Undergrad: 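Handing you a structure now.
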There are 2 protein chains.
Amino acid sequence: MAAHSTTPAPRQDNRRQQLLDTAARLFRQHGYHATSMRDIASAVGMLPGSIYYHFASKDELLVTVYREGVSRIAERLDAAVAGKKEPWQQLEAACIAHLQTVLDHSDYAQVVIRVLPDDAPAVRVRLAALRDQYEERFKDLVAALDLPAYVDRHYLRLLLLGALNWSQVWYRRGGDSPRTIAKRFLQVLHGIQAQQR
Amino acid sequence: MAAHSTTPAPRQDNRRQQLLDTAARLFRQHGYHATSMRDIASAVGMLPGSIYYHFASKDELLVTVYREGVSRIAERLDAAVAGKKEPWQQLEAACIAHLQTVLDHSDYAQVVIRVLPDDAPAVRVRLAALRDQYEERFKDLVAALDLPAYVDRHYLRLLLLGALNWSQVWYRRGGDSPRTIAKRFLQVLHGIQAQQR
DNA sequence: TGTTAAAACAAACAGTCGTTTGTTTTCTAT
DNA sequence: ATAGAAAACAAACGACTGTTTGTTTTAACA
């Protein structure tokens, strides 16, 4: 028996947050399909049915994780970019922030990259919209670059963002840091371009 | 054939091929987890249990599809590269072949990109080995390039291959062709040489 | 033709899935 | 102290999962 607890206990929805954190971690570790509601429940120490008090469905849980993921990575990116003036430096800061968040810092953000909208057909459109909302930022960053006429900005963005996102497939902790990886990528890009200036 | 041989019936197993084709199509359309043995069975018109005469397990079915996928994409790439002499042109031919195969031509090859080794933990190592076996080719292609010293060949490869593979996420039929996409990517990278032609 | 192996069927196994329902506990506010 | 909401439990629902088993059909060879 515990002593009589005098803590007022704010009765805030704190297990909801715990639930989200755990779902984000499991979704990024094993993917959406390979993570069951029972996995999540037992990881937070509650029964599977209890999750449905906090979230209407597994899909809704994913959407919430996704939204939080986009919010977090966007926040980090905006902060990083705000510190730079020169367009290439802004892009580099963005790439570093993106990779750090997506490879290391945030389970939420990792889910946004790892779990594709098609994995949850019923909420596909909402997930895709959240993704797009984030990727918009790269359009602006690329638009600000001073580039030779023959460089297609559309494909420069797809090239860079594709390489960054795919790095989740081969990245292993202990090798080059996300910052280093981002810098190398931009060196390859900017280096080849810059040699003719 | 088997004229006067006493060996038992050849009985070529043609439904095995049909089974593989169907599995490849469904795996690339919906992913590995979202495709059930019953889906595959009903698509070829047999009962779920009958698949197990041809394949020991769902995982083994995936491995076979994967192996075939690597074989097909490697074949196309080698043929494409063989027709070119200049290193950058070889790389371009390789990227075009890669994208065409992975976006359009082969369900098998698409599975190799779409289904990650982690999706089937029991055969993860074998799937990863098959992938690596293919990606080796890009190491050679990048090694042959004449590049400024500050360009890291390792990251050039990862940049390019990542962008190519990720294109599966955003590619839609009706837009730019795989050939065009590959060319635009390389133009971004190698703008100067591309300009000279 | 009869024999034999290949290849399919038919039916179930044991388990997991997301989810729902009814009840009980836990805490806050009165 | 007690009412009432919040948040959990306990147990099951029906559907679906990969797979196994025993039996039957199909087709090539003697």
Side-chain angles (χ1 to χ4, degrees), chain A residues 1-23 26-27 30-66 115 119-124 127, chain B residues 1-23 26-27 30-66 115 119-124 127:
Chain A
M1 260 335 220
H4 181 256
S5 173
T6 54
T7 39
R11 191 73 169 172
Q12 195 129 350
D13 217 358
N14 38 12
R15 304 221 54 198
R16 183 191 145 99
Q17 192 56 45
Q18 191 189 349
L19 222 30
L20 277 174
D21 289 348
T22 302
L26 294 178
F27 286 164
H30 309 113
Y32 183 64
H33 285 296
T35 302
S36 71
M37 295 299 267
R38 285 168 177 82
D39 291 338
I40 299 169
S42 84
V44 305
M46 62 168 66
L47 294 182
S50 305
I51 299 179
Y52 290 82
Y53 175 78
H54 301 277
F55 299 95
S57 67
K58 191 187 179 188
D59 282 348
E60 285 302 324
L61 183 48
L62 175 63
V63 171
T64 308
V65 167
Y66 230 78
V115 178
D119 284 347
V123 292
R124 199 195 72 226
L127 298 182
Chain B
M1 274 305 195
H4 45 79
S5 167
T6 56
T7 50
R11 198 81 181 279
Q12 72 195 21
D13 107 274
N14 36 13
R15 305 223 51 201
R16 182 189 145 99
Q17 192 56 46
Q18 190 188 350
L19 221 31
L20 277 173
D21 289 348
T22 303
L26 294 178
F27 286 162
H30 310 113
Y32 183 64
H33 286 296
T35 302
S36 72
M37 294 300 264
R38 282 169 179 80
D39 292 338
I40 299 169
S42 84
V44 305
M46 61 168 67
L47 294 182
S50 306
I51 300 179
Y52 289 83
Y53 176 78
H54 301 276
F55 298 95
S57 67
K58 190 187 179 189
D59 281 348
E60 285 301 324
L61 184 48
L62 175 63
V63 171
T64 308
V65 167
Y66 230 78
V115 177
D119 284 346
V123 292
R124 199 195 72 228
L127 299 183

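Order of the sequence lines sets the chain letters (A, B, ...), proteins ahead of strands, with each chain counted from 1. Bear in mind that the values here come from a model prediction, so they are computed numbers and not experimental data.
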Undergrad: In whole Å, I'd like the distance from the CG atom of A/L26 to the C1' atom of C/dC17.
TA: 16 Å
Undergrad: Using the salt bridge (Lys or Arg N to Asp or Glu O under 4.0 Å) rule, collect all pairs that involve residues 41-61 of chain A, keeping only residues at least two apart or in two chains.
TA: A/E60-A/R126
Undergrad: Which ones in residues 49-59 of chain B lie close to DNA chain D, meaning a heavy atom under 4.0 Å from one of its atoms?
TA: B/G49, B/Y52, B/S57, B/K58
Undergrad: Kindly write out the residues that satisfy side chain to side chain donor-acceptor pair (under 3.5 Å) with A/D21, not counting sequence neighbours, or none if the list is empty.
TA: A/Q17, A/Y108
Undergrad: Expressed in angstrom and rounded to an integer, what is the separation of B/H33 atom NE2 from C/dG18 atom P?
TA: 12 Å
Undergrad: Between atom CG in A/L61 and atom C1' in C/dT19, what is the gap in whole Å?
TA: 14 Å
Undergrad: Taking only residues two or more places apart in sequence or in another chain, which ones pass side chain to side chain donor-acceptor pair (under 3.5 Å) with B/S42?
TA: none
Undergrad: CD of A/Q18 versus C1' of D/dA7: gap in Å, rounded?
TA: 13 Å
Undergrad: Using only side-chain N and O atoms of B/R15, determine if any of them is under 4.0 Å from OP1 or OP2 of C/dA7.
TA: no
Undergrad: Test of understanding: with side chain to side chain contact (heavy atoms under 4.5 Å, CB included), list the residues that count as partners of B/A34, not counting sequence neighbours.
TA: A/H33, B/H30
Undergrad: List in chain and number order the residues that pass ring-ring contact (aromatic ring centres under 6.0 Å, His included) with B/Y66, two or more places apart in sequence or in another chain; answer none if no residue qualifies.
TA: none
Undergrad: Where along residues 35-48 of chain B does a heavy atom fall under 4.0 Å from DNA chain D?
TA: B/T35, B/S36, B/M37, B/R38
Undergrad: Cut-off 3.5 Å, no hydrogens considered: what does the side-chain donor-acceptor table look like for residues 47-54 of chain A, sequence neighbours left out?
TA:
residue, atom, partner, partner atom, Å
A/S50, OG, A/L47, O, 3.4
A/H54, ND1, A/D13, OD1, 3.4

Undergrad: For the atom pair CD1 (A/I40) and CE (A/M46), what is the distance rounded to the nearest 0.5 Å?
TA: 11.0 Å
Undergrad: Could you check how far OH of A/Y32 sits from C1' of C/dC17, rounded to whole Å?
TA: 12 Å
Undergrad: Just verifying a value: how many Å separate A/L20 CG and A/L61 CG, rounded to the nearest 0.5 Å?
TA: 6.0 Å
